Each structure stands twice: as C-alpha cells, then as structure tokens.
Amino acid sequence: MPSGQYKLEAANKAEDEIMSIQAPKGCRDIFAEEAKAVRYLEEQFSQLAEVYGFKEIRLPTFEHTELFLRGVGEQTDIVSKEMYSFTDKGGRSITLRPEGTAGVVRAYLEHGLAAEPSPLKLYYMINAFRYERPQKGRYREFQQFGMELFGSENPAAEADILSFLDSYFKRLGLKDCELVLNSIGCAECRPAFHAELQSYLRKEKDRLCPDCAERMERNPLRCLDCKLDSCQSVLADAPVPVDKLCPSCAEHYAEVKELLNALKIPYREDPKLVRGLDYYTRTVFEFHADGIGAQSAICGGGRYDSLVSSLGGPETPAVGFAFGVERLRMELEAKGIELPELLKPRLQIISFPETRAESLALAKELRAAGIYLECDLMGRSFKAQMKQANRLAAEYILIYGESELGANELKLRRMSDGEELLVARAALKDFLSQ
C-alpha cells in the first residue's frame, strides 16, 4: 500500500474514533453557567418544598419494567414507544425510569410508608429517560422535578399542591403562568363516558389520525389530547368527561375550584384536558406559559387514587405533579428572567516560586471561611497571573512576594479602580467576608 494512502486511511480512522466519543443523541452535558442555573432551580424547589412539609426521596435510575407496564400503562406512548428497556445479565427486564411517580409509589409500598401519618408528602429531583425525537427543550435524558402526596382524598390536597406550584413559579419571576384545570372522573363514572366517546369517535374514524384511530379502541380518552388540528376539528363536538361526572366527582371538582378561588390562584377550565398517563383520576391540571411556542405546558399533574392499589397496595388516594427543568429554563429565558451567574473571585493571590507554598496555605485558610479566591496553579509569570485575574474578574488582587511572608499587614489592590488598601493579616478573613 502506498505510504500516502496508508496515512490517509489512518487519519480517517482516527477522526472516526474521535467522532464516536461524544454524548449519545438526545443527551447533553451541563456545566458552568447552565449548571449554576439548574442548581439554583433545585435549591429554590427544595427550600420551598421543605416549607410546605415535603421530604425528599431519591430513587434508583432504573426499575423492573413491570413497574411501568402496570403503573404508567401499557397503552401510553411512554410505555409503547419511548421506554429504554433492556435485559440484564440475570435475564430480568429493566427500564431506565421514564418518569418519577411509579418509582415513588413502588418505594411507598416497599418500605411500608402507608403506616406513616397521613398525608405523606414527598418530592424528588431526578434524571429521566425517554426515546423521543430530540428538539429544543426535549431530550432523551432530561431533568424532572416532582411531588407526590399520599393519603388524602380531600380537595385540599390538590389545593396545597397547586399553591406550591403557584408560589414556586412566582418565586422564579414567572408571574403569568396559566393554570388549566379539568376533571376526568373516576372508576364509577368514566366507563359510561368512555363508551359514549368511543361511539362518537367510531363514526369519525376515517377523519382521525392513525394514532387516534388506534387509541380510540384502547383508551379513547387519550384522543382528546391529540395536538393535530385535523383531530381537534373532529373532536370539536365530542362529549367531554366533565359533563358526565358522577355526583361525588362533581362535588370534588367544585370544591377544588372553590379552594383555588380562596387562595386567589386564577385558573382556566379546559374540558378536553387529559393527561398522557393512565393512572390519573378526577382532577387533572397543567401550567401553561406563552414563551415556549405551541407546546406551552411546562408542568402537569393531577389525582391518581387507584395507582397504589393497582400496584398491589391498599386503596390510597394520591395527587402529584412533575415538570421538565429544560422547558422551565426555556420559559425563563424567553421572559428574560436572569438566574444567578457564576461567582467571581473576591481575591486572586499573585505568587512567586519562593512564596507558592505560603500563598496556598493562606488560600486554604481563607477558603475555610467560605471565601472564593483563586491562586496560581500553573507556575505562570507575574504578567500572566495578572491577565488571569482580569479574565476571572477578581475583585481584589494580593501580590504575595517575599516581603509579604510573615508581614502583619497585606496590601490589596482593587481591580475596578486600582486603589490599594492595607489590611491587617488577622483581619483579612473578615474584610473579604463582607
């Protein structure tokens, strides 16, 4: 083989190897400014959750596939199209969690949490996984925050959850999120409604999209959730669940609205609002925002009074929600709401070979007091260290030469105007902590 051709093939092989070492499609790295913003959202979420009496739960990244088949529903798009499932070395079918609620319910049952005083209130912040077409705000690995409240069938449970969400979004600066509300009934009234809706849809089958033509037989309620204009025109005159509620569901829904009015949380009723998961009953809700395009829902949830029993537990009323952090951040950006930026160092210590050890010791002492500072770790020249201080936008610099060794006073230079200040070494920690 000619040497030139060999070199070309070797270069192509090396390039292919480099290209293969990258994040899988639909996954991404989060670092620096974005990681800081996400951590802020986590901190605000967890702080407010604790104030509302919710305790954190941390879940396994993967569960037995059967949990999601039974919990989320075999007929949902998540289970039928989007789950990452595989067989492990023991021959067990395992699935990367596509959402959090099923895992929380599994933990609730496994650890006997039903014996705890009611209501039991849990929150989580997880990574979840769904095989769907990646697009802005939607990824195959994504971050999800959620809450679950077990043990209360009272409408006050929904009101408490919705009060939290209203407060959280306002705390972030989103003051115009719209709460959309509906009731989809219970096991008593839903079968008759399903039959009526199914009868209506069968007459219009030729005008439905392929997905709705299939859903019509398995879970007609999901057809109401179709986003295609062609299906929405068919559904314009379709029966809706809120008109077919049994007296108990109607009373429950009326009280939810009454409590929201008392809390001064505005809402809009949408009789066609349903959720994409099979376990919901009675109240369902979404929060919509206008900054992220047509798919405007940034949060969704509702009541699921039969999920615990369907997984083998006792009859347990429950209500919860979840939202994707990526879509929330898109809305914050669209509204021009700035989240905290990365901290800038209070101090850059400019050191020399003969003072490097002492400058690191001083840095350790100041960092123990929670002061963010930088010092040279590269053996840079004085000029290069000054450039680094400018690049990092350090507030002060301390030139730590031989004359500073053992000195009682240290000279700080303020980078914004060049002013120099003499600070007693013993007072340096307090000065920089201000």
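Remember, predicted model here, so these are calculated numbers, not experimental data. Atoms considered below: every heavy atom in the structure, side chains included; atoms not considered: hydrogens, waters and symmetry mates.
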- Query: Is a side-chain N or O of E341 found less than 3.5 angstrom from the main chain of E33, in a donor-acceptor match?
  - Reply: no
- Message: So I350 and M386, do their side chains get closer than 4.5 Å, heavy atoms only?
- Response: yes
- Message: How close do L392 and P345 get, counting heavy atoms only, and between which atoms?
- Response: O-CD, 3.4 Å
- Task: Would you check if the side chain of R413 reaches a backbone N or O of I397 as a donor-acceptor pair within less than 3.5 Å?
- Result: no
- Is R28 salt-bridged to E34, going by a charged N under 4.0 Å from an acidic O? yes
- Counting only heavy atoms not in E251, do more than 12 sit closer than 6.0 Å to its CD atom? no
- Item | Heavy atoms from other residues, nucleotides or ligands near NZ of K257 exceed 12 (cutoff 6.0 Å) | yes
- Task: Identify which one of M125, E42, R329 satisfies the side chain to side chain contact (heavy atoms under 4.5 Å, CB included) criterion when paired with Q143.
- Result: E42
- If you count the non-hydrogen atoms of other residues, nucleotides and ligands that lie under 6.0 Å from OH in Y84, is the total more than 12? yes
- Message: I'd like to know if the side chain of E110 pairs up with that of Y108 as donor and acceptor (distance under 3.5 Å, no hydrogens or angles considered).
- Response: no
- Steps toward side chain to side chain contact (heavy atoms under 4.5 Å, CB included) verdict (M216, K205): CA-CA 8 Å; M216 174 185 70; K205 182 176 180 179; 3.7 Å; yes
- Task: Report the distance from atom NZ of K429 to atom CG of L366, rounding to the nearest 0.5 Å.
- Result: 7.5 Å
- Just wondering, do I57 and Y124 contact through their side chains at under 4.5 Å, heavy atoms? yes
- Any luck finding a side-chain donor-acceptor pair between T101 and E148 under 3.5 Å? yes
- Task: Kindly say whether L273 contributes a backbone atom to a donor-acceptor pair with the side chain of N182 at under 3.5 angstrom?
- Result: yes
- Message: Taking S163's backbone N and O only, do any of them form a donor-acceptor pair with S167's side chain (distance below 3.5 Å, no angle check)?
- Response: yes
- So, E153 versus H252: side-chain donor-acceptor pair below 3.5 Å or not? no
- Student check: side-chain heavy atoms of T95 and F129 closer than 4.5 Å: no
- Check whether any side-chain N or O of S309 sits under 3.5 Å from a backbone N or O of S306 as a donor-acceptor pair, and report yes or no. yes
- Message: Quick one, F287 and Y168 - any side-chain contact, counting heavy atoms below 4.5 Å?
- Response: no
- Query: Do the two ring centres, one from F45 and one from F164, sit under 6.0 Å apart?
  - Reply: yes
- Does the side chain of L373 come within less than 4.5 Å of Q348's, by heavy atoms? no
- Item | Heavy-atom closest pair, residues V242 and P271 | CG1-CB, 3.9 Å
- Item | Non-hydrogen atoms of R70 and G312 that approach each other most closely | NH2-N, 3.9 Å
- Minimum heavy-atom distance between C299 and F321, given as atom pair plus value: SG-CD1, 3.8 Å
- Query: How far apart are the closest heavy atoms of I161 and F285, and which atoms are they?
  - Reply: CG2-CZ, 4.0 Å
- Query: Looking at R414 and E419, does any basic side-chain N land under 4.0 Å from a carboxylate oxygen?
  - Reply: yes
- Message: Looking at H64, I want to see if its NE2 is surrounded by more than 12 non-hydrogen atoms of other residues, nucleotides or ligands under 6.0 Å.
- Response: no
- Decide if atom OH of Y52 counts as having more than 12 heavy atoms of other residues, nucleotides or ligands within a radius under 6.0 Å. yes
- Message: Looking at G100, is its backbone amide N or carbonyl O close enough to the side chain of Q144 to form a donor-acceptor pair, meaning the two atoms are under 3.5 Å apart?
- Response: yes
- Ring-face cation of R346 near Y396 (centre distance under 6.0 Å, axis angle within 45°): no
- Message: For the backbone of I184 and the side chain of R190, can you confirm whether one donor and one acceptor N or O come within less than 3.5 Å of each other?
- Response: yes
- Message: Can you confirm if the NZ or CZ of K121 lies within 45° of the ring axis of Y123 and under 6.0 Å from the centre of its six-membered ring?
- Response: no
- Task: Return the minimal non-hydrogen interatomic distance between P98 and R130, and the atom names on each side.
- Result: O-NE, 2.8 Å
- Residues, nucleotides or ligands: over 12 heavy atoms within 6.0 Å of E420 CD: yes
- Taking the side chain from R207 and the backbone from S230, do they hold a donor-acceptor pair closer than 3.5 Å? no
- Hey, is CG on D243 packed in by over 12 heavy atoms from elsewhere, all under 6.0 Å? yes
- Is the shortest heavy-atom distance from the side chain of S310 to the side chain of Y279 under 4.5 Å? no
- Task: Please confirm whether the backbone N or O of R133 pairs with a side-chain atom of R138, one donor and one acceptor, at under 3.5 Å?
- Result: no
- Query: When you measure from the side chain of S93 to the backbone N and O of T65, does any donor-acceptor pair fall under 3.5 Å?
  - Reply: no
- Task: Let me know which of N219, L224, V240 forms a side chain to side chain contact (heavy atoms under 4.5 Å, CB included) with V274.
- Result: L224
- Could you tell me whether E333 atom CD has more than 12 heavy atoms of other residues or ligands within 6.0 Å of it? yes
- Can a salt bridge be assigned to the pair E158 and R282 using a cut-off of 4.0 Å between side-chain N and carboxylate O? no
